[in-house]
There are 2 protein chains.
Amino acid sequence: MRNINKNLSTRDIIFYAAVELFSQKGYHGTSIRDITRKVGIKESSLYNHFQGKESILQAILDYQMSEFSKAVDALELLKASNTNKTKDPVEFWMAGTEVFIKNISPLTESISQIIINEMFFNADCRKFYLNVMRKSEMELVTTLFNVMKEKEMIDDCDIEKTASQYIYMLQGLEIENKLKILEGETPEKVRKNLFEHITMFIKRLKK
Amino acid sequence: MRNINKNLSTRDIIFYAAVELFSQKGYHGTSIRDITRKVGIKESSLYNHFQGKESILQAILDYQMSEFSKAVDALELLKASNTNKTKDPVEFWMAGTEVFIKNISPLTESISQIIINEMFFNADCRKFYLNVMRKSEMELVTTLFNVMKEKEMIDDCDIEKTASQYIYMLQGLEIENKLKILEGETPEKVRKNLFEHITMFIKRLKK
DNA sequence: GTCTATAACTCGATAGAC
DNA sequence: GTCTATCGAGTTATAGAC
């Protein structure tokens, strides 16, 4: 792995290897040996770059924090500009969430998986999930729903609860899709299913 | 722990201790030592009752399977009898799901937690979740929605997708509630929130 | 910064006495 | 069925040579 990325620092290579392994086998299921074997260094060398296994996880959380900050900034920009002129609720929705989705790199997605797997056992991950990831998602979704309510694209309703239900759905679909892909299903089928669910949810908000 | 439950076999005591620890700390986060320390026996004694750590997990899956079989049998009974005469959708729904809910013991709930935590890493748990737990839930929810559709308590819609979305919501609420309880929130508040979400979801199915 | 060597410990599991 | 004693493998982490 080190030979492939000669422009990256060893620290970065360790970081990316750790993200991949933690997301696939879990934090506790991955050993320092697994990481260093993947990178192509000895275990002891890792300690020149990180204090230990736990501090790798902390670095991962720090990275994710900076990624989510960017997404929230993009949301502020969206609020201010409000260039979306369409009257179709589904179209409006897709355009609005694009801001968030386009900022999600495969790395961010893998890190989300790590955090979700750890959040029942690790208080740091739990707090990060609730206070950063979930909070950002809620902010995006409630913002969009409020705009749509003003424009009468959706009926009057409890925005907070509706946003929660949308996020529950999205999370459920993500979990199910990951399981299905692990069981051998094609990503295309999974993507189509996701789109249909979102369309159905949004349409149901207008009688 | 052994002194408290003199009427239970050592095997059963090991089983219950394992369920509690696996659900709290995860399968990989729990050692044989953790279990035997809790039970009050030496590590070696455990091997008189189980072949190893993996076979304890298998016994837990077997137990859960028998519990879900009971719930599915109860559903068959419900289909046949059809005693629910109410015209109110929410009331009908609550009565219909009661059959399932009353069969869920705290043990079953803990085991569900274990399986959900393991399903990304362990193929047996993944298959069990998809083919037993998820399938049973879908069967219950689609059955009830179909009856409600016939009785015109809900509008015409894609029952399969609606049922999926209901289950995503329920799962999302369960996850969030577990996290909130770990963070110190009261179970009463959490229960009220759950009821309000279910009510909102069911009401939205009739224009 | 990387290496070898190794400490200090935990893991699941087994042999054999009682 | 429980115990003591122990094994071999795997774990994170450190010391010190290069």
Side-chain angles (χ1 to χ4, degrees), chain A residues 1-62 114 117-118 121-125, chain B residues 1-62 114 117-118 121-125:
Chain A
M1 191 162 179
R2 243 193 328 178
N3 296 330
I4 303 164
N5 302 292
K6 286 189 178 170
N7 49 335
L8 288 175
S9 70
T10 306
R11 193 191 145 96
D12 285 342
I13 300 168
I14 293 169
F15 180 87
Y16 294 129
V19 169
E20 195 177 332
L21 288 168
F22 287 169
S23 68
Q24 282 168 1
K25 316 205 301 172
Y27 176 74
H28 287 100
T30 304
S31 67
I32 294 280
R33 260 201 264 285
D34 289 332
I35 298 168
T36 55
R37 199 185 304 127
K38 193 178 176 75
V39 173
I41 55 168
K42 296 291 168 188
E43 294 101 279
S44 53
S45 302
L46 183 137
Y47 293 88
N48 285 314
H49 307 283
F50 292 96
Q51 283 201 330
K53 196 181 171 183
E54 228 173 311
S55 83
I56 301 178
L57 183 61
Q58 189 55 54
I60 290 173
L61 291 184
D62 291 344
I114 297 168
N117 286 334
E118 273 311 296
F121 316 121
N122 181 314
D124 284 343
C125 287
Chain B
M1 191 163 179
R2 246 198 322 181
N3 295 331
I4 302 165
N5 302 292
K6 286 189 177 168
N7 47 335
L8 288 174
S9 70
T10 305
R11 192 191 146 98
D12 285 342
I13 300 168
I14 293 169
F15 180 88
Y16 294 129
V19 169
E20 196 177 331
L21 288 169
F22 287 168
S23 68
Q24 282 168 1
K25 317 205 304 172
Y27 176 73
H28 287 100
T30 304
S31 66
I32 294 280
R33 268 200 250 285
D34 289 332
I35 299 168
T36 55
R37 199 184 304 126
K38 192 178 176 75
V39 173
I41 55 169
K42 295 292 169 186
E43 289 104 86
S44 53
S45 302
L46 182 138
Y47 293 89
N48 285 312
H49 306 282
F50 292 96
Q51 282 199 331
K53 196 182 173 184
E54 227 173 310
S55 82
I56 300 178
L57 183 61
Q58 190 54 55
I60 290 172
L61 291 184
D62 291 344
I114 298 168
N117 287 333
E118 272 311 295
F121 316 120
N122 181 313
D124 283 343
C125 287

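All figures in this text were calculated on a predicted structure; none of them were measured in a lab. Chain naming here is simple, since letters A, B, ... match the order of the sequence lines and numbering starts at 1 in each.
- A ring pair (Phe, Tyr, Trp, His ring centres under 6.0 Å) check over residues 40-61 of chain A, counting only residues at least two apart or in different chains, returns nothing.
- Computed from coordinates, the A:L57 CG to D:dT12 P distance equals 13 Å when rounded to whole Å.
- When the P atom of D:dG1 is taken as reference, atom CG of B:D12 falls 12 Å away, rounded to whole Å.
- Listed by chain and number, the residues in a salt bridge (Lys or Arg N to Asp or Glu O under 4.0 Å) with B:R33 are B:E43 (sequence neighbours excluded).
- To the nearest angstrom, P of C:dC11 lies 8 Å from CZ of B:R37.
- Residues passing the ring-ring contact (aromatic ring centres under 6.0 Å, His included) test with A:F121: none are found, sequence neighbours excluded.
- Protein atom CD1 of A:I41 is 14 Å distant from nucleotide atom P of D:dA13, rounded to whole Å.
- In this structure, the CD1 atom of A:I35 is 14 Å from the C1' atom of D:dA13, given to the nearest Å.
- Residues meeting the side chain to side chain donor-acceptor pair (under 3.5 Å) test with A:Q24, sequence neighbours left out: none.
- Taking atom CZ on B:R11 and atom C1' on D:dG1, their separation rounds to 15 Å, with Å as the unit.
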Detail all sub-3.5 Å separations between protein N/O atoms and N/O atoms belonging to nucleotides 12-14 of chain C.
from   : atom 1 : to    : atom 2 : distance (Å)
C:dG12 : OP1    : B:I32 : N      : 3.3
C:dG12 : OP1    : B:K53 : NZ     : 3.1
C:dG12 : OP2    : B:I32 : N      : 2.8
C:dA13 : OP2    : B:Y47 : OH     : 3.2
C:dA13 : OP2    : B:K53 : N      : 3.1

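- Counting only residues at least two apart or in different chains, ring pair (Phe, Tyr, Trp, His ring centres under 6.0 Å) contacts with residues 11-38 of chain A comprise A:F15-A:Y63, A:F22-A:Y27.
- Between B:L57 and B:D124 there is no side-chain heavy-atom pair separated by less than 4.5 Å.
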